[in-house]
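In what follows, a structure is listed as structure tokens, so that the remarks can point back to it.
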Amino acid sequence: MHNMKRKSIKKSEIGTLKNDADLPSKQNTASFFEDVHSVVRQIPIGRVTSYGAIAQYLGTRMSARMVGWAMNASHAANPPVPAQRVVNRNGMLTGKHHFSTPQRMEELLKAEGVEVKDDTVIDFKNVFWNPSSEIAL
DNA sequence: GCATTGACGAAGG
DNA sequence: CCCTTCGCCAATG
């Protein structure tokens, strides 16, 4: 989104995050959150993707851990980010504890038509959405 | 400035 | 097939 401001992530949420313009060597940090959020917002309803897939799509320059870490700030992003559609490589809802309630993530997914059992997405590979191959550049 | 942690993932045992 | 180790990069104590 052209109008997306780099402050889509509140500094208070990130902590000591400074203005990216003031950090020449780290100017990608702030935009990294935007990139992650942008990708996650493109995940179709009823589909899910993984942290690693997003990392790979954005370029192998950072690890999948940074994607998960970035998601921590997603709740403050605007427009909202459907964080429930991002699970780990096994389709497990590893980020459930970061929602309002531990069961909230599963509820959201089921409401979208994604079957979940035992904190894992059923038929994961079938509902998996790979940004690297699904997003047309 | 070093050690630990983290919504991860791949590799090795 | 389960568990441990390591790499990844930034934040935190």
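Side chains are part of it too, since the values below use all heavy atoms of this structure and drop only hydrogens, waters and symmetry mates. Order of the sequence lines sets the chain letters (A, B, ...), proteins ahead of strands, with each chain counted from 1.
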Taking only N/O atoms, report every protein-nucleotides 11-13 of chain B pair under 3.5 Å with atom names and distance.
none

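Judged as a salt bridge (Lys or Arg N to Asp or Glu O under 4.0 Å), not a single pair has a partner in residues 66-75 of chain A (not counting sequence neighbours). Residue pairs meeting the salt bridge (Lys or Arg N to Asp or Glu O under 4.0 Å) criterion with at least one partner in residues 67-84 of chain A, sequence neighbours excluded, do not occur; the list is empty. Each salt bridge (Lys or Arg N to Asp or Glu O under 4.0 Å) pair with one or both residues in residues 67-93 of chain A, not counting sequence neighbours, appears once here: R85(A)-E112(A).
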Under 3.5 Å, side-chain donor or acceptor atoms of residues 45-54 of chain A against the rest of the protein: list the pairs with distances, not counting sequence neighbours.
{"residue": "R47(A)", "atom": "NE", "partner": "V127(A)", "partner atom": "O", "Å": "3.1"}
{"residue": "R47(A)", "atom": "NH2", "partner": "F128(A)", "partner atom": "O", "Å": "3.0"}
{"residue": "T49(A)", "atom": "OG1", "partner": "W129(A)", "partner atom": "O", "Å": "2.7"}
{"residue": "S50(A)", "atom": "OG", "partner": "A53(A)", "partner atom": "N", "Å": "3.1"}
{"residue": "Y51(A)", "atom": "OH", "partner": "V86(A)", "partner atom": "O", "Å": "3.4"}

Name every donor-acceptor pair, under 3.5 Å, that has one atom in a side chain of residues 101-111 of chain A and the other anywhere in the protein, sequence neighbours excluded.
{"residue": "T101(A)", "atom": "OG1", "partner": "R104(A)", "partner atom": "N", "Å": "3.3"}
{"residue": "E106(A)", "atom": "OE2", "partner": "K110(A)", "partner atom": "NZ", "Å": "2.9"}

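Within residues 44-52 of chain A, the residues having any heavy atom under 4.0 Å from DNA chain B are, by residue number, S50(A), Y51(A), G52(A). For residues 107-128 of chain A, proximity to DNA chain B is found at no residue, defined as any non-hydrogen atom under 4.0 angstrom from a strand atom. Against DNA chain B, the stretch residues 91-102 of chain A makes heavy-atom approaches under 4.0 Å through T94(A), G95(A), H98(A), F99(A).
Here the closest non-hydrogen pair linking M71(A) and A83(A) is CE-CB, 3.5 Å. Contact detail for V87(A) and Q84(A): the closest heavy-atom pair is CG1-O, 4.3 Å.
Contact annotation for A83(A): base contact, defined as any heavy-atom pair under 4.0 Å involving a base atom.
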Could you run down nucleotides 2-9 of chain C 5' to 3' and tag each one B, S or - for protein heavy-atom contact under 4.0 Å? -----BBB

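Taking atom CE on M71(A) and atom C1' on dA11(C), their separation rounds to 18 Å, with Å as the unit. The CG-P distance, from N72(A) to dG6(B), rounds to 11 Å in whole Å.
For W69(A) and F32(A), the distance between ring centers is not under 6.0 angstrom.
Rounding to the nearest 0.5 angstrom, the gap separating the OG atom in S38(A) from the CG atom in D35(A) is 7.0 Å. Interatomic distance, CD of E34(A) versus CZ of R41(A), reported as 8.5 Å (0.5 Å rounding).
Listed by chain and number, the residues in a side chain to side chain contact (heavy atoms under 4.5 Å, CB included) with N126(A) are D123(A) (sequence neighbours excluded). Contacts of N90(A) classified as side chain to side chain contact (heavy atoms under 4.5 Å, CB included), with partners at least two apart in sequence or in another chain: N88(A), M92(A).
A donor-acceptor distance shorter than 3.5 angstrom exists from the side chain of N130(A) to the backbone of S132(A), with no hydrogens or angles considered.
Clustering ILVMFWY residues whenever any of their side-chain heavy atoms sit less than 4.5 angstrom apart, transitively, puts I135(A) in the very cluster that holds L58(A). The cluster map of Ile, Leu, Val, Met, Phe, Trp and Tyr, joined by side-chain heavy atoms under 4.5 Å apart, puts I43(A) and V114(A) in different clusters.
Distance noted for atom C1' between dA7(B) and dC2(C): 22 Å (whole Å).
Ranking dA11(C), dA7(B), dG9(B) by closeness to the W69(A) side chain, first place goes to dA11(C).
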